[in-house]
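Okay, structure first, notes after.
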Amino acid sequence: MKKIMIIFGTRPEAIKMAPVIDVLRREKEIETVVCSTGQHREMLKQVLEIFNIEIDFDLDLMRENQDLFDISVNSLNKLKEVLTEHTPDILMVQGDTSTAFISALAAFYKRIKIAHVEAGLRSYNINSPYPEEANRRFISVISDYNFAPTEDAKQNLIKEGFEKEKIYVTGNTVVDALHMVKEKLNNLELSAKNEYELNNSFGENLFAKPFILVTMHRREKFGDEFKSVLKTLKEIALQRPEYNFIYPVHLNPNVQVPVNEILKGVKNIKLIPPQDYFKFIYLMSKCLFIMTDSGGVQEECFVFEKPVIVLRDVTERNEAIKAGYAFLVSSNEKLIKEKFFEIENNLKNGYNYFNCENPFGNGKSAEIIKEILLNN
Ligand code: UD1
Ligand code: UDP
């Protein structure tokens, strides 16, 4: 019987691993062990609760305002202990966080096979997203199973010289995760109504106006560039009092401080804490459109048919750009405003941004991954 250890540390990794854990735990031929580095704390806890994920080992590493050394240095030694004691045949990592990279490195040092979920994403700019573009390239070098979400991701890996036999196109498990919870959206309608409309949590009706959903947290923008985007957002909000801008603010102090400094007090900008996954996708399903620098959100918005303004210089989700529902605007004030007003106008005129199949898969990725692990 194969022993597989799944490891994650942050909110998006847990969301995208949840369907894999679900499928593997039901498979009798596989022993599944789940480990969290605890790179995130509250934001991870929200995901574990929604998906009922039980953790076998929790390294509990998060520290206030940690830097890139903290997680990397602190996790490597602890992972050595866990991997030495529990000797999985395969360690599965997801994406491009510090947790994913350092865990893969620890497995490599222990000569344990590595399976990389969401392999082959590339922006081809080593500084953007930072440090994620480097992390995912490092993982590819030492990975034994590359689970590429799309054909483009597979082609990136082939172009870089990785062996075809180690690359499998699986779709993105984020679509599986959405399917797992989407069915429950109707039940959610009631509790979310309480939350967002009946003033229970926020002291006002957040849905009193149509709204734009906003998230931003990427490291490469921290500092002046981040502030400049916030100022542009503020100007747009002041120009468009007929909309609310709902912004669940990431807990990173490098995000919290400037966001509160620049946006707090703007009447139609609603700064709220990170929302649990149910509530966030509920917000996604109800918004007009989205402004974000998130990776996962660029993939998820297809399911809810919400166009997305990507507040980045480059994206590794070019499938979304090619499909015509995602738009790169960098931190450029003019581009952000132009795209905002264009999408607003197009939606008013009934323009349909979603004429193609979901480029990120059909929600069967976790099953495909399981079959590959069983048979290879
Ligand atoms: C990390 C990942 C990024 C991913 C993002 C998802 C790295 C280098 N970055 O960035 O790729 O897109 O997660 O959200 O791996 N914090 C809390 N509570 C939480 C989570 C974070 O208070 O539940 C605060 C802490 O002060 C922490 C800080 O945020 O020190 C930064 O967290 P960290 O995981 O290092 O970076 P993220 O910006 O979240
Ligand atoms: N998300 C969430 N609550 C929020 C904001 C985002 O559950 O308040 C979810 C979102 O649906 C997506 C994931 O978190 O699945 C994206 O996480 P994030 O943007 O932090 O990381 P990235 O995908 O950029 O690595």
Side-chain angles (χ1 to χ4, degrees), residues 8-19 36-51 60-72 74-75 93-103 118 121 128-136 138-139 172-178 180-182 213-222 226 246-257 271-285 287 290-304 306 308 310-312 315-317 360:
F8 52 71
T10 66
R11 168 173 71 191
E13 291 166 83
I15 291 170
K16 290 172 170 179
M17 281 302 207
S36 166
T37 60
Q39 177 174 338
H40 280 177
R41 186 168 294 145
E42 303 85 344
M43 287 162 56
L44 184 63
K45 193 163 167 267
Q46 290 179 331
V47 182
L48 303 179
E49 284 169 3
I50 296 283
F51 288 99
D60 192 25
L61 288 178
M62 200 203 88
R63 298 291 171 267
E64 183 67 13
N65 206 8
Q66 63 210 3
D67 63 22
L68 294 176
F69 292 88
D70 294 327
I71 286 294
S72 306
N74 296 338
S75 56
V93 301
Q94 196 285 333
D96 48 24
T97 63
S98 293
T99 287
F101 164 49
I102 298 296
S103 306
E118 203 179 71
L121 271 63
S128 184
Y130 172 86
E132 291 84 358
E133 173 73 3
N135 284 346
R136 56 196 176 214
F138 293 146
I139 299 170
N172 197 309
T173 57
V174 77
V175 183
D176 305 36
L178 274 173
M180 278 170 87
V181 297
K182 213 177 153 215
L213 183 61
V214 182
T215 78
M216 254 169 53
H217 73 281
R218 300 237 83 85
R219 266 187 163 73
E220 66 273 9
K221 298 258 180 242
F222 288 168
F226 197 80
I246 300 185
Y247 183 168
V249 187
H250 193 291
L251 295 179
N252 193 329
N254 297 292
V255 177
Q256 287 279 335
V257 172
L271 304 178
I272 61 175
Q275 299 294 287
D276 73 39
Y277 190 54
F278 270 145
K279 299 214 178 90
F280 187 74
I281 64 169
Y282 181 74
L283 287 176
M284 221 186 298
S285 73
C287 72
I290 301 170
M291 301 174 81
T292 192
D293 64 5
S294 164
V297 175
Q298 291 176 61
E299 296 154 351
E300 291 164 336
C301 59
F302 187 98
V303 173
F304 301 103
K306 304 296 174 180
V308 59
V310 182
L311 299 160
R312 293 204 203 176
T315 179
E316 57 288 305
R317 273 88 176 173
F360 298 107

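When a ligand or atom number is given, it counts from 1 through the structure's own listing order. Excluded from the calculations below are hydrogen atoms, water molecules and symmetry mates; all remaining heavy atoms, backbone and side chain alike, are included. Computed from a prediction, not measured in an experiment: that's the story for all the values here.
- For a threshold of 3.5 Å applied to N or O pairs, the pair formed by Arg11 and ligand 2 contains at least one separation below that value.
- For Ser36, there are no side chain to side chain donor-acceptor pair (under 3.5 Å) partners, not counting sequence neighbours.
- Distance from atom 13 (C) of ligand 2 to its nearest protein heavy atom, with residue and atom name: Ile15 CD1, 3.9 Å.
- A salt bridge links Glu316 and Arg136; the closest N-O separation between the charged side-chain nitrogens and carboxylate oxygens is under 4.0 Å.
- Between the Gln298 side chain and the Ser294 main chain, a donor and an acceptor come within less than 3.5 Å of each other.
- Ranking protein heavy atoms by distance to atom 1 (N) of ligand 2, first place goes to Phe280 CD2, 3.6 Å.
- The two residues Ser98 and Gln39 have their closest heavy-atom pair at CB-OE1, 3.9 Å.
- Distance from atom 21 (O) of ligand 2 to its nearest protein heavy atom, with residue and atom name: Pro12 CG, 3.4 Å.
- Glu220 has no carboxylate O lying under 4.0 Å from a charged side-chain N of Arg312, or vice versa, which leaves the two without a salt bridge.
- Atoms of ligand 2 lying under 4.0 Å from any heavy atom of Gly295, numbered from 1 in the order shown and given with element: 22 (P), 23 (O), 24 (O).
- Within 4.0 Å of ligand 1, the residues that place a heavy atom are Thr10, Pro12, Gln39, His40, Arg41, Glu42, Met43, Met62, Arg63, Glu64, Asn65, Gln66, Leu68, Thr97, Ser98, Pro131, Glu132, His217, Arg218, Arg219, His250, Leu251, Asn252, Pro253, listed by chain and number.
- In this view, Met180 and Pro19, Asp22, Phe51 satisfy the side-chain contact (heavy atoms from CB on, under 4.5 Å) rule, not counting sequence neighbours.
- No donor-acceptor pair closer than 3.5 Å links the side chain of Glu133 to the backbone N or O of Pro131.
- Protein heavy atom in closest approach to atom 3 (N) of ligand 2: Gln275 O, 2.7 Å.
- Of the listed options Gly95, Ser294, Ala14, Cys301, Ser294 places a heavy atom closest to atom 16 (C) of ligand 2.
- Judged purely by atom type and a 3.5 angstrom limit, Asp70 uses its side chain to pair as donor or acceptor with the backbone of Asp67.
- Residue contacts with ligand 2 for Arg218 involve side-chain atoms from C-beta outward but no N, CA, C or O (heavy atoms, distance under 4.0 Å).
- Short contacts between ligand 2 and Pro274, defined as distances under 4.0 Å to a heavy atom of the residue, involve ligand atoms 8 (O).
- In this structure, Glu132 has no heavy atom closer than 4.0 Å to ligand 2.
- Taking every heavy atom of both residues into account, Asp293 and Leu311 meet most closely at CB-O, 3.5 Å.
- Residue pairs meeting the salt bridge (Lys or Arg N to Asp or Glu O under 4.0 Å) criterion with at least one partner in residues 36-46, sequence neighbours excluded, are Arg41-Asp60, Lys45-Glu49.
- Under 3.5 Å, the side chains of Thr97 and Glu132 contain no donor-acceptor pair of N or O atoms.
- Ranking the protein heavy atoms by distance from atom 23 (O) of ligand 2 puts Gly296 N, 2.8 Å first.
- Atom 15 (O) of ligand 2 has its closest protein heavy atom at Glu300 OE2, 2.5 Å.
- With hydrogens and angles ignored, the 3.5 Å screen pairs no side-chain donor or acceptor of Lys16 with any backbone N or O of Ala177.
- Both the backbone and the side chain of Tyr277 come within 4.0 Å of ligand 2, judged by heavy-atom distances.
- The part of His217 lying near ligand 2 is the side chain, judged by heavy-atom distances below 4.0 Å.
- In this structure, His40 and His250 have perpendicular ring planes: the angle between them is above 60°, well past the 30° mark.
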